[in-house]
Undergrad: 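Attaching a single structure in C-alpha cells format; questions to follow.
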Amino acid sequence: MASVVFNPEEFREVYPQFAGLSDAALEYAFTESTLFLDPSDKCVVKNEEKRKIMLYLLTCHILTLKNRGVDTVGQVAGASEGSVSVSYAVPNTAGAEYFGQTQCGLSFWQAMKSYALGGMYFPKCH
C-alpha cells in the first residue's frame with residue numbers, strides 16, 4: 001500500500017462541476033482534505049482505492065463549500081424567488097454538522113461510519 005496521490009485530471013472527470021478550477025486550486029483543496037484523513041497507509045482506511053475515494057469526497061466537499069459564493073453554513077432548507085429568500089438547516093446528527101452541508105461531505109461521513117468505534121473521531125494516523 002502507498003500514499004494516495006492526487007490526480008487533478010481524474011478528479012475533474014469524477015466531479016465535472018470543478019472543471020473550471022485550476023490544478024493549484026484543486027491540489028490545495030486536496031491537501032486541505034488531508035487534515036481530516038491521512039492519505040498514507042498508516043490511516044485507518046487501509047484500502048488505497050477506498051482511501052482515495054474518501055479523500056476525493058472530502059476535496060469535493062471543501063470545494064463545494066468554498067465555491068458557494070456566500071458565507072453560509074448548512075444545507076438549503078427552503079428557498080423563495082420573489083424578494084429572494086434562502087434558509088439553511090444543519091443536520092442534527094451529532095458530529096455531522098460540518099460534513100452534512102454538502103452531498104460529498106455527507107457521503108464521506110457515511111463511508112467513515114464503518115471505520116468508527118463509538119464516536120466519530122478522525123485521527124491523523126501519524
Undergrad: From S33 OG over to M54 CE, what is the distance, rounded to the nearest 0.5 angstrom?
TA: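 S33 OG to M54 CE: 12.0 Å, rounded to 0.5 Å.
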
Undergrad: Are side-chain heavy atoms of T59 and L26 found at a separation under 4.5 Å?
TA: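 No, their side chains stay 4.5 Å or more apart.
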
Undergrad: Within the structure provided, determine whether L55 and F6 are in side-chain contact (heavy-atom separation under 4.5 Å).
TA: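 SC-SC contact between L55 and F6 ruled out.
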
Undergrad: When rounded to the nearest 0.5 angstrom, what is the spacing between OH in Y56 and CG in N7?
TA: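 The CG atom of N7 is 5.0 Å from OH of Y56, to the nearest 0.5 Å.
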
Undergrad: Restricting to pairs with a member in residues 23-32, which pass side-chain hydrogen bond (donor to acceptor under 3.5 Å, both in side chains), not counting sequence neighbours?
TA: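 Every side-chain hydrogen bond (donor to acceptor under 3.5 Å, both in side chains) pair that includes a residue of residues 23-32, provided the two are not neighbours, is R12-D23, E32-K66.
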
Undergrad: In the structure I gave you, are the side-chain heavy atoms of R51 and D41 within less than 4.5 Å of one another anywhere?
TA: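 Of all side-chain heavy-atom pairs linking D41 with R51, at least one is under 4.5 Å.
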
Undergrad: Going from CG on L58 to CG on L63, what distance comes out if it is rounded to the nearest 0.5 angstrom?
TA: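 L58 atom CG to L63 atom CG measures 11.0 Å (nearest 0.5 Å).
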
Undergrad: State which residues pass ring pair (Phe, Tyr, Trp, His ring centres under 6.0 Å) with Y15; sequence neighbours excluded, sorted by chain then number.
TA: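 In terms of ring pair (Phe, Tyr, Trp, His ring centres under 6.0 Å), with neighbours along the sequence ignored, Y15 is linked to F11.
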
Undergrad: Is the distance between the ring centroids of F36 and F99 less than 6.0 Å?
TA: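 Yes, the ring of F36 comes within the 6.0 Å limit of the ring of F99, centre to centre.
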
Undergrad: To the nearest 0.5 Å, what is the distance between CD1 on I62 and SG on C60?
TA: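 It is 10.0 Å, given to the nearest 0.5 Å.
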
Undergrad: How many angstroms lie between atom CD of Q101 and atom CH2 of W109, to the nearest 0.5 angstrom?
TA: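 Here the rounded value is 12.5 Å.
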
Undergrad: Nearest 0.5 Å, please: how far is CD in E48 from OG in S40?
TA: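 Rounded to the nearest 0.5 Å, the OG-CD separation comes to 10.5 Å.
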
Undergrad: Contact between K52 and E49 at the side-chain level, heavy atoms closer than 4.5 Å - yes or no?
TA: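 The answer is yes; the side chains approach within 4.5 Å.
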
Undergrad: Taking side chain to side chain donor-acceptor pair (under 3.5 Å) as the test, write out the residues that go with Q110, two or more places apart.
TA: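 With sequence neighbours excluded, Q110 shows a side chain to side chain donor-acceptor pair (under 3.5 Å) to K113, given in chain and number order.
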
Undergrad: For the residue pair M112 and L37, establish whether any side-chain heavy-atom pair is separated by less than 4.5 Å.
TA: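 Yes, their side chains come closer than 4.5 Å.
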
